[in-house]
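Right, one structure below, let's go through it.
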Amino acid sequence: MIISDCHMHSSFSSDSTAPMEDMILSAISKGLKIICFTEHMDYDYPIQGNEDPFIVDMDAYQKCLYELKDKYSKQIEVLFGIELGMMPYLGPKYDALVSQYDFDFVLSSSHLVNGQDPYYRTYFEGRNEGDAYREYFQTIIDNVSAFDKFNAYAHLDYVVRYGPTQNRQFSYIKYMDILEPVLKKLIENGKALEINTGGYTYGLNEPHPQMDLLKAFKGLGGENITIGSDAHKPENIGAEFSKVLTILEHFGFKYYSVYKKGKPEMIKI
């Protein structure tokens with residue numbers, strides 16, 4: 001059994017309404033031993049209509065988390081994390097943020113491509129799906145080069161959730177010229193690759209990243225893996241973790257990581 005879920009959001013993230021305590025209680029009920037909240041911090045996210053910005057009230061978030069961490073300490077270990085929505089020019093701003101707070105775990109992710117989120121159909125309008133995917137993947141190498149103070153890269157192929165054909169025409173080999181340098185950069189810099197079960201939630205029948213991308217990571221010498229559900233509501237915590245365990249065993253991974261105070265603890269599969 002996978003005992004940790006290291007990617008989840010509560011009402012401190014703009015796209016969740018779930019109370020943090022409800023998320024913790026759900027994790028306990030599912031037998032998890034460790035969880036990490038990774039609330040969204042996306043500076044300069046373009047607001048659509050009446051949406052709230054993806055900016056965390058950090059002091060309120062930290063206060064609530066540490067109160068609940070103490071309250072449930074005998075039942076589950078609650079870790080303090082953040083998910084940073086990267087764009088290359090934001091590197092110095094995120095440097096300052098992670099220096100200010102004592103995070104256990106820092107996830108870096110790509111949500112925006114030149115100010116557009118693939119979540120919205122407008123990103124794909126008037127363009128070839130493959131070109132849209134390629135432009136997204138290029139942002140990752142740019143982001144990794146601009147900011148180094150993270151532990152793992154989240155949902156590396158996030159863009160395929162929302163493409164017109166999702167992952168049905170996607171393969172690692174089509175984008176290998178961009179994705180292989182990304183994977184090598186993560187490995188060389190000692191960063192983890194996240195396995196994110198949100199892919200199942202979004203109907204892809206695979207996690208993020210897709211399995212051929214995960215196979216390529218292992219083949220290039222990648223060993224450091226973190227696991228998260230990307231849950232935004234209690235019922236999705238730990239979603240499809242049994243499938244992830246099978247995948248890891250199939251590709252020959254022996255451990256997965258849980259970060260505490262920025263250092264990985266290896267958990268044997």
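Numbering starts at 1 and runs along the sequence shown.
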On a heavy-atom basis, which atom in [X] and which in [Y] lie closest, and how many Å separate them?
{"X": "I55", "Y": "D42", "value": "CD1-O, 3.8 Å"}
{"X": "L156", "Y": "I140", "value": "O-CD1, 3.2 Å"}
{"X": "S229", "Y": "A239", "value": "CB-N, 4.0 Å"}

Determine, for D148 against K191, whether the closest basic-nitrogen to carboxylate-oxygen distance falls under 4.0 angstrom.
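Result for this pair is yes, salt bridge flagged.
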
* Asked: With a 4.0 Å cut-off, would you call R134 and D177 a salt bridge?
  ->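 Salt bridge between R134 and D177, a charged N being under 4.0 Å from a carboxylate O: yes.
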
Under a 3.5 Å threshold, yes or no: a donor from one side chain and an acceptor from the other, between Q116 and H111?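 Per modelled atom types, Q116 and H111 side chains form no pair under 3.5 Å.
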
Next item on the list: Return yes if a side-chain donor-acceptor contact under 3.5 Å exists between N224 and S257, otherwise no.
Entry: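 N224 vs S257: donor-acceptor pair found between side chains.
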
Is any side-chain heavy atom of [X] less than 4.5 Å from a side-chain heavy atom of [Y]?
{"X": "K184", "Y": "P181", "result": "no"}
{"X": "I269", "Y": "K254", "result": "no"}
{"X": "N151", "Y": "P264", "result": "no"}
{"X": "K69", "Y": "L79", "result": "yes"}
{"X": "E135", "Y": "D131", "result": "no"}
{"X": "I76", "Y": "I34", "result": "no"}
{"X": "L214", "Y": "I225", "result": "yes"}
{"X": "I227", "Y": "D5", "result": "no"}

Pairs touching residues 220-265 that satisfy ring pair (Phe, Tyr, Trp, His ring centres under 6.0 Å), sequence neighbours left out: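 Pairs touching residues 220-265 that pass the test: H9-H232, H40-H232, F105-Y259.
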
Once side chain to side chain donor-acceptor pair (under 3.5 Å) is applied, do any residues pair with [X], and if so which ones, sequence neighbours excluded?
{"X": "E77", "answer": "K260"}
{"X": "K149", "answer": "none"}
{"X": "D117", "answer": "Y45, Y158"}
{"X": "Y200", "answer": "none"}

Exercise for the section: Please report the C-alpha distance between H155 and S109 in whole Å, then the side-chain angles of each, then the deciding distance to 0.1 Å, and finally whether the side chain to side chain contact (heavy atoms under 4.5 Å, CB included) criterion is met. Expected result: CA-CA 7 Å; H155 45 58; S109 62; 3.5 Å; yes

- Derivation of the side chain to side chain contact (heavy atoms under 4.5 Å, CB included) call for S10 and E39: CA-CA 7 Å; S10 73; E39 307 294 3; 2.5 Å; yes

Tell me if the NZ atom of K261 is crowded by more than 12 foreign heavy atoms within 6.0 Å.
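Yes, the 6.0 Å shell around NZ holds more than 12 heavy atoms from other groups.
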
Sequence neighbours left out, what pairs pass side chain to side chain donor-acceptor pair (under 3.5 Å) with at least one residue falling in residues 211-221?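 Output for this query lists K218-E223.
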
- Message: With a 6.0 Å cut-off on the ring centroids, do H208 and H7 count as close?
- Response: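 Between H208 and H7, the centre distance exceeds or equals 6.0 Å.
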
- Query: Looking at the rings of Y123 and Y136, which for Trp means the six-membered one, are their centres under 6.0 Å apart?
  - Reply: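 Here the rings of Y136 and Y123 have centres that are no less than 6.0 Å from each other.
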
Salt bridge (charged side-chain N to carboxylate O under 4.0 Å, His left out): pairs with one or both residues in residues 238-250, sequence neighbours excluded:
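Residue pairs with at least one partner in residues 238-250: E240-K243.
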
Salt bridge (charged side-chain N to carboxylate O under 4.0 Å, His left out) partners of residues 8-32, not counting sequence neighbours, each pair once: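 Every salt bridge (charged side-chain N to carboxylate O under 4.0 Å, His left out) pair that includes a residue of residues 8-32, provided the two are not neighbours, is E21-K71.
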
[X]: partners by ring pair (Phe, Tyr, Trp, His ring centres under 6.0 Å), with sequence neighbours left out:
{"X": "Y61", "answer": "F12, F80"}
{"X": "Y89", "answer": "none"}
{"X": "F150", "answer": "Y153"}

What distance do [X] atom [atom1] and [Y] atom [atom2] have between them, rounded to the nearest 0.5 Å?
{"X": "E194", "Y": "S108", "atom1": "CD", "atom2": "OG", "value": "11.0 Å"}
{"X": "M41", "Y": "L97", "atom1": "CE", "atom2": "CG", "value": "5.0 Å"}
{"X": "L25", "Y": "M20", "atom1": "CG", "atom2": "CE", "value": "12.5 Å"}
{"X": "L186", "Y": "L193", "atom1": "CG", "atom2": "CG", "value": "6.5 Å"}

Subject >> Same apolar cluster (I L V M F W Y, side chains within < 4.5 Å links), L107/L112 >> reply: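 No.
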
D230 and R161: CA distance, side-chain angles, deciding distance, salt bridge (Lys or Arg N to Asp or Glu O under 4.0 Å) verdict: CA-CA 13 Å; D230 206 351; R161 288 185 184 179; 3.0 Å; yes

Main-chain N/O of [Y] paired to [X] side chain as donor or acceptor, under 3.5 Å:
{"X": "D157", "Y": "V160", "value": "no"}
{"X": "S11", "Y": "T17", "value": "no"}
{"X": "Y43", "Y": "Y94", "value": "no"}
{"X": "T38", "Y": "M8", "value": "yes"}

Taking the six-membered ring of Y119 as reference, does the cationic atom of R121 (NZ for Lys, CZ for Arg) lie under 6.0 Å from its centre and within 45° of its axis?
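Cation-pi check for R121 and Y119: fails.
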
Would you check, one step at a time, whether the test side chain to side chain contact (heavy atoms under 4.5 Å, CB included) holds for T226 with I195?
CA-CA 6 Å; T226 66; I195 297 182; over 6 Å; no

Quiz item: When you look at S16 and K233, which way does the side chain to side chain contact (heavy atoms under 4.5 Å, CB included) test go after all the steps?
Solution: CA-CA 7 Å; S16 174; K233 48 190 177 181; 5.9 Å; no

Using the six-membered ring wherever Trp is involved, compare the ring planes of F170 and F137 and label them parallel, tilted or perpendicular (cut-offs 30° and 60°).
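Tilted.
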
Just to verify, what does K63 make a side chain to side chain contact (heavy atoms under 4.5 Å, CB included) with, not counting sequence neighbours?
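In terms of side chain to side chain contact (heavy atoms under 4.5 Å, CB included), with neighbours along the sequence ignored, K63 is linked to E67.
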
#### Entry: Member of Y202, F124, Y120 meeting the ring-ring contact (aromatic ring centres under 6.0 Å, His included) criterion with Y162
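With Y162 as partner, ring-ring contact (aromatic ring centres under 6.0 Å, His included) holds for just one option, Y202.
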
